[in-house]
Amino acid sequence: MITFEDVVEFHGHACPGLALGYRVSVFAVKELGEKASDEELVAIVENNSCAVDAVQVVTGCTFGKGNLIFKDYGKQVYTFIKRPSGDGIRISIDWESPEETDEEKRMWDRYIKGDRSEEVLHTVHARKAKRIRTILTAEDDELLKVIKGRMTLPEEAKIYLSLRCALCDEKVMEPRVRVKDGKIVCIPCFERNYEKR
Ligand SMILES: [Zn+2]
Ligand SMILES: [Zn+2]
């Protein structure tokens with residue numbers, strides 16, 4: 001099993017968001033079985049926070065493989081669906097962070113105003129560590145709201161023809177081309193007046 005330390009190594013730092021993503025992913029893998037080696041598992045994430053890095057490492061659903069789908073809904077919701085059966089799980093994070101002391105509130109207030117003094121940093125780091133610890137040790141039902149069942153599968157990743165942009169001469173996949181003054185162009189060239197150097 002992939003540990004939280006493995007996930008931290010990929011992500012670059014330990015943070016509460018990563019810890020939440022770790023709990024979600026471990027739970028999903030436990031419920032659905034087997035890490036995705038190819039495309040048998042698809043993840044749909046409804047935010048692009050630190051948590052998504054944990055999803056990629058733990059479940060093997062990655063952006064590059066096309067079995068990690070990002071929906072920009074700003075929600076802490078993660079859906080995992082097995083292909084081809086469509087058996088899936090929708091996990092919504094519902095977590096209340098631990099009560100803060102007056103001292104922590106005061107230090108956090110100074111931190112967001114840009115104070116990076118030693119006493120502020122010390123309290124802020126301890127606060128973060130406490131939040132991570134709480135997340136990693138909570139019961140599943142203290143963190144996650146879960147729905148299991150048959151879900152609709154997104155379409156498989158397709159391989160597209162690539163065309164050459166008439167303005168920048170770079171290749172672009174066919175469904176993303178635009179037409180400008182009768183020429184096939186890429187989206188960046190379509191959207192701005194691109195001067196070729
Ligand atoms: Zn992070
Ligand atoms: Zn172009």
Side-chain angles (χ1 to χ4, degrees), residues 1-100 104-105 108 127-160 173 175-176:
M1 191 57 177
I2 287 160
T3 63
F4 184 61
E5 285 67 37
D6 297 330
V7 171
V8 170
E9 193 176 289
F10 176 78
H11 182 58
H13 63 232
C15 63
L18 192 71
L20 288 169
Y22 179 73
R23 291 299 307 268
V24 164
S25 311
V26 167
F27 185 81
V29 169
K30 187 182 76 189
E31 291 294 309
L32 296 173
E34 284 310 277
K35 176 176 159 150
S37 57
D38 194 10
E39 285 200 359
E40 64 271 21
L41 188 65
V42 177
I44 302 161
V45 298
E46 301 189 16
N47 66 80
N48 59 353
S49 72
C50 295
V52 178
D53 275 354
V55 171
Q56 298 195 75
V57 175
V58 176
T59 68
C61 295
T62 70
F63 195 56
K65 272 194 287 185
N67 59 346
L68 177 77
I69 296 163
F70 167 48
K71 303 266 190 197
D72 196 2
Y73 298 158
K75 296 179 75 175
Q76 286 282 1
V77 173
Y78 305 83
T79 305
F80 300 89
I81 309 172
K82 283 170 104 171
R83 261 203 277 250
S85 68
D87 289 333
I89 186 167
R90 180 187 188 274
I91 303 170
S92 161
I93 296 176
D94 195 353
W95 179 65
E96 294 295 335
S97 52
E99 197 67 44
E100 288 178 6
E104 283 172 334
K105 278 182 198 154
W108 181 248
R127 173 186 180 272
K128 188 163 86 176
K130 185 171 83 178
R131 289 158 71 96
I132 294 169
R133 215 164 40 240
T134 315
I135 294 163
L136 293 178
T137 55
E139 297 298 326
D140 289 332
D141 63 7
E142 291 177 296
L143 289 178
L144 316 172
K145 283 192 172 149
V146 178
I147 299 170
K148 284 187 84 171
R150 191 60 58 86
M151 316 226 168
T152 313
L153 280 157
E155 275 182 56
E156 302 234 7
K158 290 195 188 92
I159 294 168
Y160 295 104
M173 70 187 221
R176 298 289 181 274

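Just so you know, residue 1 is the first one in the sequence shown, and it goes up from there. A quick note: this is a predicted structure, and the numbers were derived from the prediction, not measured.
Contact record, K128 with P16: CG-CD, 3.7 Å, taken as the closest heavy-atom pair. The two residues A43 and V55 come nearest to each other via the heavy atoms CB-CG1, 4.1 Å. Between L41 and L32 the shortest heavy-atom distance is CD1-CD1, 3.7 Å. Nearest approach of T59 to S25, heavy atoms of both residues: CG2-CB, 3.9 Å. The nearest pair of heavy atoms linking V26 to V58 is N-CG1, 4.0 Å.
By the 4.5 Å heavy-atom criterion applied to side chains, D140 and K30 are counted as neighbours. The shortest side-chain heavy-atom distance between I89 and V146 falls under the 4.5 Å cut-off. The side-chain heavy atoms of W95 and L144, taken from C-beta on, include no pair separated by under 4.5 Å.
F80 contributes atom CZ, which lies 8.5 Å from atom CG of L68 (distance to the nearest 0.5 angstrom). Interatomic distance, CG of N48 versus CZ of F63, reported as 10.0 Å (0.5 Å rounding). Considering CD of E46 and OG1 of T79, their distance stands at 5.5 Å, rounded to 0.5 Å. Atom OG1 in T134 sits 12.5 Å away from atom CD in E96 (nearest 0.5 Å). Rounded to the nearest 0.5 Å, atoms CG (L20) and CZ (R23) are 9.0 Å apart. Atom-to-atom distance recorded for S85:OG and L153:CG is 7.5 Å, nearest 0.5 angstrom.
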Report task. Evaluate the criterion side chain to side chain contact (heavy atoms under 4.5 Å, CB included) for residue pair I91 and Q76; output intermediate values, then yes/no. Result -> CA-CA 8 Å; I91 303 170; Q76 286 282 1; over 6 Å; no
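With sequence neighbours excluded, the residues satisfying side-chain contact (heavy atoms from CB on, under 4.5 Å) with E104 are E100, T101, T123, R127, K130.
Counting only residues at least two apart or in different chains, ring-ring contact (aromatic ring centres under 6.0 Å, His included) contacts with residues 6-31 comprise F4-Y22, H11-H13.
Judged purely by atom type and a 3.5 angstrom limit, D53 has no side-chain atom pairing as donor or acceptor with the backbone of C50.
Taking 4.0 Å as the cut-off between side-chain N and carboxylate O, D87 and K148 do not count as a salt-bridged pair.
Heavy atoms from other residues, nucleotides or ligands lying under 6.0 Å from NZ of K71 number 12 at most.
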